[in-house]
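Heads up, the thing below is written out as structure tokens.
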Amino acid sequence: MKAILAMAAAAVLLAASPAATVDDLAWLAGQWSREESERWTEESWTAPRGGVMLGHSRSGRGDSLRDFEFLRVQAGTDGIPAYIAQPGGGAPVAFRLVRRDGRSATFENASHDYPQRIQYARDGETLTATISLIDGSKPIRWVYRRR
């Protein structure tokens, strides 16, 4: 019974909170990089402007590019921010914002094959990005430092 009451209280608090905007994700802006042996990954995000954040990611080994991705965060048709990824410049895939606070955000798309969940968390000059299935299984994590 206590668990049901706690869940109901959380739902009321969520419903009472103001809707998230792209501006609430400004903490993600910056240039982030990760180097491990010869492998490297870089991710960059612009500050919110005009209701949009633009980003890109690229990774490689040594002097060779292996992957790249165009990214953006903007409000979906329902007004909720969505993370829109275009791996390799391909077709866009949207992940809806489902949780956030002042230094983390979780986006989900249960109908996508993999990933289904994208999470970002910032701690000072460190940004952690994690992708996984919707239940959190099969996680892959990148820990970036601000450049």
(message) I need the single residue from R58, R34, R146 that forms a salt bridge (charged side-chain N to carboxylate O under 4.0 Å, His left out) with E42. Which is it?
(response) R58

(request) For the residue pair T21 and D23, confirm or rule out a side-chain donor-acceptor distance under 3.5 Å. (result) no

(request) List the steps, then state whether side-chain hydrogen bond (donor to acceptor under 3.5 Å, both in side chains) holds for Y120 with E43. (result) CA-CA 12 Å; Y120 283 94; E43 189 162 318; 2.4 Å; yes

(request) Kindly indicate, with the supporting measurements, whether the criterion salt bridge (Lys or Arg N to Asp or Glu O under 4.0 Å) is fulfilled by R100 and D24. (result) CA-CA 9 Å; R100 67 159 176 97; D24 294 325; 3.7 Å; yes

(message) So, taking the atom named CZ in F95 and the one named CD1 in I131, what distance separates them when rounded to the nearest 0.5 Å?
(response) 8.5 Å

(request) Output the distance between atom CE (M53) and atom CH2 (W45), rounded to the nearest 0.5 Å. (result) 6.5 Å

(request) Hey, could you give me the OG/NE2 distance between S44 and H56, rounded to the nearest 0.5 Å? (result) 4.0 Å

(request) Report the distance from atom CG of L97 to atom CD1 of I80, rounding to the nearest 0.5 Å. (result) 7.0 Å

(message) Using a strict threshold of under 4.0 Å (side-chain N to carboxylate O), is an ion pair present between R117 and D135?
(response) no

(message) For a side-chain hydrogen bond (donor to acceptor under 3.5 Å, both in side chains) check, start with the C-alpha distance between S104 and R122, then their side-chain angles and the critical distance, and finish with the verdict.
(response) CA-CA 6 Å; S104 69; R122 181 167 174 192; over 6 Å; no

(message) With rounding to the nearest 0.5 angstrom, report the CZ to OG distance, R61 to S37.
(response) 6.5 Å

(request) Drop me the distance from N109's CG to I134's CD1, to the nearest 0.5 angstrom. (result) 7.5 Å

(message) With no hydrogens and no angle check, just 3.5 Å: does a side-chain donor-acceptor pair link R141 and T130?
(response) yes

